[in-house]
**Q** 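Next up is a structure, given as C-alpha cells.
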Protein chains: 2
Amino acid sequence: MDYKAILTQNGYRLSQPRKQVIELLQTSEVALSPQQIHQALQQKNCELGLVSVYRTLELLTELGLVSVVYDPQRNPGYMLSTVGHLHHIVCQECHKAIEFSASNDIDQLVQRVEQETSFQVLDHFLQLFGLCPDCHQKQIAGE
Amino acid sequence: MDYKAILTQNGYRLSQPRKQVIELLQTSEVALSPQQIHQALQQKNCELGLVSVYRTLELLTELGLVSVVYDPQRNPGYMLSTVGHLHHIVCQECHKAIEFSASNDIDQLVQRVEQETSFQVLDHFLQLFGLCPDCHQKQIAGE
DNA sequence: CTCTAATTGAAAATCTTTTTCAATAAGGAC
DNA sequence: GTCCTTATTGAAAAAGATTTTCAATTAGAG
Ligand SMILES: [Mn+2]
Ligand SMILES: [Mn+2]
Ligand SMILES: [Zn+2]
Ligand SMILES: [Zn+2]
C-alpha cells in the first residue's frame, strides 16, 4: 500500500514520525495502542514524542490507512488496514488480528433489522473474537 | 426486570446509589456515560459520588443487567439490557438505541469466516448505526 | 540552496478512571 | 424496632490517558 502517495496526494508531508509509525505497524500482526507504538519505537532508537503518535494515528485513521481494532477486553488499538471496508477477527490469546469481508451476510441482516425496527441502517461495526490457528492448536495439545 | 432480586441473589445489597443509577437508566432511551449519569442524578438531588457510578456500572455490567453501547463516535455508554444476548442499533442523530437479535445471521457468517480464516470463533461484537424513525422523518421533511 | 508553512516535541492542561481508607448504611439476627 | 456486622460509599489522592499550546524544527516547493 503506497502510503507515501496517499499522504502527499492529500497535502500531507511524509515526516519521520509518520514514516516510523507506519513502518512499525507494517511489521505488527496485533493492534497496538499509542503507548505501545511509542515504546516500541523508542527501543528502536527512533526518537519521537508520544504526542506525534497520537497525531499520526488520528491522521492515518482519517485517511483510511489505519483501522481501530478492539482487543478482547475492548481496549482500542491501531492496525494498518487494506483498502475497502473490512472487519477484523481477533485472537483472544495472542491478540493477532486479521481482516475478513462480510458484505453479503451483513446486507441480509441489515435488511431484516430495518424491517423489524423501522430504523434506517447506515453503518455498522462488527468484530469477531476467538482463537487463531496457532493458539487453537496449543489449546488442543495442552488439554 | 427484577434487578432487586438479581442483586440480592448474588449477595449484593440494594444500596441507594445502585437503585438511583438503575432507575435513571430505566428512563433513558440513550446510552449514558458515567459523567452523564452522575450529572443527571445530581440535578435530581440524588447525592452520590462519581466513584459509585463507576462501581455500580461495573457491577451491573458483570451481572448482565447493563450493556455497553457505543455512540456514533465510538464513545462507550451504558444502557439497561433485557436478558439474553442482543445487539444494538443506534441513531446517529439522537443516539437513541434499541436492541435486536441476530443469532441466525451471525451463525452463518461465523461459519464462513471460520472456514476462510481457520480461526475458531468464540465471541462477537456487532452494532448498527443509522437513523431512528423520528430522525429519519425529520430528515425527509427538511430536504 | 532558500524560504515558508506544516509538523514536531516538551510542558502544561484537561479528562477519565482507579485506589485508598475512614465513615456510613443495608439487612440479618434477635 | 434495635443491635451488629460487614458491604458499600464518598472524598481525596493517585494514576493514566488524551489534548492543547507554542516555540523550534524540517519537509518539500520554488
Ligand atoms: Mn461491513
Ligand atoms: Mn450476537
Ligand atoms: Zn492466537
Ligand atoms: Zn434519532
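Side chains included, hydrogens not; waters and symmetry mates left out as well; all remaining heavy atoms used.
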**Q** Any side-chain N or O of A/S15 below 4.0 angstrom from OP1/OP2 of C/dT8?
**A**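 Checking A/S15 against C/dT8: at least one side-chain N or O falls below 4.0 Å of OP1 or OP2.
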
**Q** Quick one: do A/H124 and B/H87 satisfy ring pair (Phe, Tyr, Trp, His ring centres under 6.0 Å)? Show the steps, please.
**A** CA-CA 11 Å; A/H124 57 260; B/H87 304 273; over 10 Å; no

**Q** For B/R13 and C/dA25, give me the distance from atom CZ to atom P, rounded to whole Å.
**A**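 Going from CZ in B/R13 over to P in C/dA25 covers 12 Å.
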
**Q** How close do A/S101 and A/L86 get, counting heavy atoms only, and between which atoms?
**A**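 Residues A/S101 and A/L86, closest heavy atoms: CB-CD2, 3.6 Å.
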
**Q** In whole Å, what is the span from the CG atom of B/L14 to the P atom of C/dG28?
**A**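 Rounding to the nearest Å, CG of B/L14 and P of C/dG28 are 11 Å apart.
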
**Q** Could you tell me whether the phosphate oxygens of D/dG10, OP1 or OP2, come under 4.0 Å of any side-chain nitrogen or oxygen in B/S52?
**A**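 Looking at the OP1 and OP2 atoms of D/dG10, one of them is under 4.0 Å from a side-chain N or O of B/S52.
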
**Q** Nearest whole Å is fine: how far is C/dT18 C1' from B/L57 CG?
**A**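 From B/L57 CG to C/dT18 C1': 14 Å.
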
**Q** Checking side chain to side chain contact (heavy atoms under 4.5 Å, CB included) against B/L48, which of B/H38, B/Q16, B/R18 comes through?
**A**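 Among B/H38, B/Q16, B/R18, the one that satisfies the side chain to side chain contact (heavy atoms under 4.5 Å, CB included) with B/L48 is B/H38.
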
**Q** Return the value, rounded to whole Å, for the distance between atom OH of A/Y12 and atom P of C/dA5.
**A**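 Between P of C/dA5 and OH of A/Y12: 18 Å.
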
**Q** For B/Y54 and D/dG16, what is the distance between atoms OH and P respectively, to the nearest whole Å?
**A**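 Checked: the OH to P distance equals 16 Å.
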
**Q** So, under a plain 3.5 Å distance rule, would you say the side chain of B/R55 forms a donor-acceptor pair with the base of C/dT17?
**A**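 By the distance-only test, no, there is no pair.
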
**Q** Between A/Q16 and B/P17, who's closer to the 5' end of DNA chain C by nearest nucleotide?
**A**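 Per heavy-atom nearest nucleotide, the more 5' residue is A/Q16.
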
**Q** Between atom CD in A/Q20 and atom P in C/dG9, what is the gap in whole Å?
**A**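 Taking atom P of C/dG9 as the reference, CD of A/Q20 is at 8 Å.
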
**Q** Please determine if a side-chain N or O atom of A/Q35 lies less than 4.0 Å away from the OP1 or OP2 oxygen of D/dT18.
**A**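 Yes.
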
**Q** For the pair made of CG in A/L48 and C1' in D/dA27, what is the distance, rounded to whole Å?
**A**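 Rounded to whole Å, this separation is 16 Å.
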
**Q** How about A/E99 and A/T82: does a side-chain donor come under 3.5 Å of a side-chain acceptor?
**A**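 A/T82 and A/E99 do have a side-chain donor-acceptor pair below 3.5 Å.
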
**Q** Both B/V51 and B/G11 contact DNA chain D. Taking the nearest nucleotide for each, which residue is further toward the 5' end?
**A**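 Upstream on the strand: B/G11.
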
**Q** Atom CD of B/E47 and atom P of D/dT8: how far apart are they, to the nearest Å?
**A**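 After rounding, the reported distance stands at 21 Å.
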
**Q** Output yes when B/K19 and B/E23 qualify as a salt bridge under the 4.0 Å nitrogen-oxygen rule, no when they do not.
**A**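 Answer for the salt bridge query: no.
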
